Every structure is written in structure tokens, then in C-alpha cells.
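Written out below as C-alpha cells is the structure these notes cover.
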Amino acid sequence: MAWFSKAKARKRPTRREEIWNRCPKCKSHVFKEDWHNNLSVCPRCNYHGKLTAYERIGITLDSGTFREINEGITPSDPLSFVDGKGSYKAKVAATREKTGLNESVVTGTGKINGISVVVAVMDFRFLGGSLGSGTGEKILLASNHAYDRRMPYIIFSASGGARMHEGILSLMQMAKTCAGVARLEERRVPYISVLTDPTTGGVSASYAMVGDVNIAEPGALIGFAGRRVIENTIKQKLPDDFQTSEYLLEHGFIDAIVQRKDMKDTLAKILSFYNR
Ligand SMILES: [Zn+2]
């Protein structure tokens, strides 16, 4: 009998995890349903949890208006890269299977409060939202789409930086994407960059920081190199809030911090200003 009761006891935590979500910041338990209804923001401490690309699209664009473009673009493996954990190819296959995504960004068109836009939304679940050549290609093609049709372009970033499995080709995406969004200015097409947690490395060092308007979600980690690397280099202790949205706003690197529940209306307000 003891064996059976033991098995039962082991099952319980799974059930608990099904109902509760533990906030990574304040550690309080929140009903999964409440967490979801609150747009994955902790009702106790306002921690902004990560969203998948499609969840983000769902809360940002008007219902039923999203049309995906270039969804067939997948990562390339120019170096036939293999590390201690296996091949890049196998990792990509497993990630595609797990997330149902082909790359770390989803691009398309839609409407925000009736205003037509082109969006690129990064998904951190896909290899840490890393910037691979497929990601760069999709971001560039979406900005070309915005250029051709004179539609505002919005990128939601969530990324650990360049995808080192693709070597120099990954780093080249920084220049390529920046060239794409810079061209929008010729046609007076606005480009809004929304930085979410985390936006670091090569993404923060390229398109994420060059929007006509740069907006961040509260408490997002935004920076280039990690805290320890910088501290070891400059031999100084950094402030506690270093590399957060709040710190960046105070020092003039971003234009605004917007709560997730207000993001859609804020974007619409900015776009209506450009439309005048
Ligand atoms: Zn919390």
C-alpha cells in the first residue's frame, strides 16, 4: 500500500503547477487564469512576464486583422555548427517542433485601432529570441513591406542577442536590419521599437535602439554586455537598477515606459500623430 500512496503524493505538485503560476520576481502564487487575464503581468508586483509572439499579436492588433508574411523562412546552418550539446541543426529542429515556429520572429500586417501597420514580433522561446540570418531576413522583408506600402512599422524585441551558431552571418544581420529601418525615413514611414524583457546583445545594439520612438515595458532587462562582464572590465560596481527600462529612461536612452495594458492605445496614439 505504501508504494501506491507514495506515487499519489508525487503527482500532487503537477496538479498545483496546473493551477498556479509563481511570479519569478515576488515569488507569490497567482492563479493561472488571473495571470493570463492580466496579460501575463503579476497583479501583486507588476512584473511583466514573457509573451509568445502570437500572444503579443493577439493583445496588440485588432481581432482578426493579422496576416502573417514570410512565415516559411527558417534558420540556415552555414557553418554546419556543432557544440558540446549537439548540432545546431538538431537544436533548430527540436525548437521548431516544440514552439511551432520557424524562426525567432513572426512578421505580418494588421491593424491597431483601425490603423494599418506592419509588425515584427520576436519570440524568446525560439533559441532565446536570437538574431539569426532568418530572423534578420524576416525583419528586413517586413520593413521593405512597410516601405513599399507606406505603412508604419513596429518591432517588438525579446532577444538574448546574436545567434552565435551562425557566426559572422549572424552579426551581419545587425547592419542589414538597421539599413532596412533607416530607409523608412525616406518615405516618412514611422518606425516604433518596443523593447521587452530581455532585449540584449546584438539586438539592443542594432534595430531595437534606433526607432523614431523607443518604448519599453516596465522592468525589462535592456543592455549590450552582461553586468558581470562590465563590472570585471571597468572594475567598478554598477547600480542595482542598471540595464533596466527605468534606468534607461532616466538616462535618455528610451522615450517612454508603457504598461502592457496601455501599450495598444499608446501605439495607436503615436501612430495617429504621424498620420496627421
Ligand atoms: Zn510578482
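Model, not experiment: these values are computed from the prediction. Because only heavy atoms are used, hydrogens play no part in the values below, and waters and symmetry mates are left out as well, while side chains stay in. In listed order, ligands and their atoms are each counted from 1.
- The 12-atom threshold is exceeded at CD of E246, counting heavy atoms of other residues, nucleotides or ligands nearer than 6.0 Å.
- Around the CZ atom of F31, the shell of radius 6.0 Å holds no more than 12 heavy atoms that belong to other residues, nucleotides or ligands.
- Under the 3.5 Å distance criterion, the side-chain polar atoms of K176 are left unmatched by any main-chain donor or acceptor of G136.
- If you look at the Zn ion (ligand 1), the protein N, O or S atoms less than 2.8 Å from it are C23 SG, C26 SG, C42 SG, C45 SG.
- Heavy-atom neighbours of E97 CD from other residues, nucleotides or ligands within 6.0 Å: at or below the threshold of 12.
- Between the side chains of N46 and Q259, at least one donor N or O lies within less than 3.5 Å of an accepting N or O.
- Under a 4.5 Å side-chain heavy-atom cut-off, the cluster of Ile, Leu, Val, Met, Phe, Trp and Tyr residues that includes W35 is completed by V30, Y47.
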